[in-house]
Amino acid sequence: MEQQKENKGPVTVIGLGGAGVKIVSRLTASPHAAHLKLLAVDTDSNILDNSPLNSEQKFLADNKWRQGKGCGGNVLEGQRSISRERASIEDLISDSSLLIVVGGLGGGTATGGVAAFAGIARKLKISSIFIITMPFSMEGHSKRRIAESGIKELLPVADILLYLPNDLLFTCLPGDTPVDKAFEMADNEVARTIIGVSEIISHDNLLAASLADIKEALNKQKSSASIGVGVANSNDGLNRNHIALQRMLDSPLLGGMEKIKEADTVIVSLTGGKDLKIDETKKTLEAFEKFVSPECNLIVGTNTAENYGDQVQITTIAIKFDTQKVKKETPVNMNFGVKKAQIPEEKPKLDSLFGAELEQAELPLQNISRGIFLNTSPINHQGEDLDVPTFQRKGIIIDKG
Ligand SMILES: Nc1nc2c(ncn2[C@@H]2O[C@H](COP(=O)(O)OP(=O)(O)OP(=O)(O)O)[C@@H](O)[C@H]2O)c(=O)[nH]1
Ligand SMILES: [Mg+2]
């Protein structure tokens with residue numbers, strides 16, 4: 001695997017095509033996205049004009065050729081439009097430490113353009129994550145086929161691909177919900193997912209789940225995965241973490257608690273403000289163990305960020321490996337993957353994320369608990385060190401297989 005360059009630049013989030021631009025536009029209102037560099041790229045000038053991003057954040061791809069009218073669902077034109085702008089796009093993202101591209105597959109611009117972005121990121125040695133929505137079933141078979149062709153192009157070149165079926169949102173929406181409202185909800189969920197994913201791989205995590213492990217699991221075999229995000233603050237009740245946990249379990253893109261129960265690997269990341277207490281963190285993460293199967297590889301991470309105030313966010317990614325589908329060209333469901341957590345003393349370096357570290361046979365999970373409770377005295381009860389999470393006390397060994 002090619003080494004990614006060391007770069008202390010921003011995490012750049014690019015919204016590509018109509019849906020992508022709308023989702024990125026939602027992030028402008030979130031204080032939790034303040035550390036992200038947001039960019040909107042489209043072939044449609046109307047979409048860009050309607051975005052609250054400022055003019056430096058907007059890029060109209062191939063203005064002269066498409067005349068700002070979008071690609072009208074033509075994937076080839078989407079491919080050409082973005083490819084023709086390679087040099088300008090390189091300039092836009094060259095300072096990035098990580099690139100997150102978000103878009104809705106099914107139209108021309110994003111479906112055609114995503115692979116070009118992956119290629120540009122590779123050339124610049126910037127790690128890339130693609131957070132992609134799949135069309136609603138109501139949009140018809142042809143949109144789905146277009147979207148699947150986009151996934152097929154993207155899979156071999158993206159570092160990480162996470163695709164979210166818009167349909168999952170319907171499971172919790174009343175039947176008479178207007179389409180616009182459904183899209184709006186999808187936008188909000190995806191925007192939350194972007195923040196959650198960027199938190200998980202954040203550089204100053206006390207316990208950062210490493211991007212290398214996500215990548216490793218993805219390379220190992222194709223998998224299906226679900227993402228849940230829950231947010232709460234102290235106005236919601238005394239136990240904000242548990243409320244956030246419940247909201248995460250109810251979040252539409254997760255697709256129900258079963259997804260966590262069935263998962264082979266689950267990563268759970270808790271982010272809060274500077275007042276996030278060790279004991280509430282510990283209780284929440286231990287409570288989480290009840291949801292997973294004993295064989296599950298459970299990875300936990302906590303993170304504090306000043307702009308969270310009294311808010312907490314729990315992000316969960318539940319992955320189920322599907323050995324039947326390993327050899328298929330396209331996966332059936334969303335893709336994502338994770339494995340161990342990073343030891344907290346050292347910040348993860350992007351240049352080492354895809355390197356030789358992937359070769360370790362057994363994961364040093366024992367170190368994780370020392371990270372959470374680094375500067376506190378150990379709590380012993382009946383000869384057991386309660387600072388060590390139960391799943392570790394039970395001696396569950398994670399084999400990378
Ligand atoms: N979440 C969300 N998804 C949307 C929205 N609008 C469209 N989509 C989804 O995104 C897919 C692609 O639509 P667009 O983003 O408009 O397409 P595009 O990439 O701009 O491509 P062209 O318009 O053909 O150039 C659709 O099939 C929908 O599934 C939206 O407002 N929010
Ligand atoms: Mg469009």
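Both counts, for ligands and for their atoms, begin at 1 and track the order of listing. Along the sequence shown, residues are numbered consecutively beginning with 1. Only heavy atoms go into these numbers, but all of them, side chains included; no hydrogens, no water, no symmetry mates.
In summary, the atoms of ligand 1 found under 4.0 Å from a heavy atom of Ala110, numbered by their order in the structure, are 19 (O). Set against the non-hydrogen atoms of Ala186, the atoms of ligand 1 under 4.0 Å away are 1 (N). Ligand-side atoms of ligand 1 in range of Gly107: 12 (C), 17 (O), 21 (O), 24 (O), range being under 4.0 angstrom from any heavy atom. Of all atoms in ligand 1, listed by their number and element, those nearer than 4.0 Å to a heavy atom of Lys143 are 27 (O). The contact set between ligand 1 and Pro135, taken as ligand atoms under 4.0 Å from a residue heavy atom, comprises 29 (O). Counting atoms of ligand 1 from 1 in the listed order, those under 4.0 Å from a heavy atom of Gly104 are 10 (O), 11 (C), 12 (C).
Annotation: atom 25 (O) of ligand 1 to nearest protein heavy atom, Thr109 OG1, 2.5 Å. Atom 15 (O) of ligand 1 has as its closest protein heavy atom Ala19 N, 2.8 Å. The single protein non-hydrogen atom nearest to atom 22 (P) of ligand 1 is Gly108 N, 3.4 Å, given as residue, atom name and distance.
Within the structure, ligand 1 has Gly73 among the residues with a heavy atom less than 4.0 angstrom away. Note on ligand 1: Leu105 sits in its first shell, one or more heavy atoms being nearer than 4.0 Å. The shortest separation from a heavy atom of Asp187 to ligand 1 is under 4.0 Å, placing the residue in contact.
Looking at heavy atoms from C-beta onward, Ile131 lies out of side-chain contact with Val13 at the 4.5 angstrom threshold. Counting heavy atoms from C-beta on, the side chains of Val114 and Glu153 never come closer than 4.5 Å. The side-chain heavy atoms of Ile14 and Phe59, taken from C-beta on, include no pair separated by under 4.5 Å.
The N/O atoms of Gly18, backbone and side chain alike, include one that comes under 3.5 Å of an N/O atom in ligand 1. Residue Gly70 has no nitrogen or oxygen atom sitting less than 3.5 Å from a nitrogen or oxygen atom of ligand 1, judged on distance alone. By the 3.5 Å distance cut-off applied to N or O atoms, Lys22 is counted among the residues near ligand 1. The shortest N or O to N or O distance between Cys71 and ligand 1 is below 3.5 Å. Distances between N or O atoms of Asn74 and those of ligand 1 include no value under 3.5 Å.
Residue pairs meeting the salt bridge (charged side-chain N to carboxylate O under 4.0 Å, His left out) criterion with at least one partner in residues 31-54, sequence neighbours excluded, are Lys37-Asp95.
In this structure, CD on Glu189 lies 11.5 Å from CZ on Arg26, to the nearest 0.5 angstrom. Separation of atoms OG1 (Thr111) and CD (Glu77) is listed at 13.0 Å; rounding is to 0.5 Å. Annotation: the span from Leu99 atom CG to Ile93 atom CD1 amounts to 5.0 Å, rounded to 0.5 Å.
Here the shortest heavy-atom distance to atom 26 (C) of ligand 1, taken over Glu139, Glu184, Met185, belongs to Glu139.
Taking the six-membered ring where the residue is Trp, the centroids of Phe183 and Phe136 are separated by under 6.0 Å.
In Lys181, the NZ atom is not crowded: 12 or fewer heavy atoms of neighbouring residues, nucleotides or ligands sit closer than 6.0 Å.
Ion pairing between Glu148 and Arg144 holds under the 4.0 Å rule for side-chain N and carboxylate O.
With hydrogens and angles ignored, the 3.5 Å screen pairs a side-chain donor or acceptor of Ser251 with a backbone N or O of Val229.
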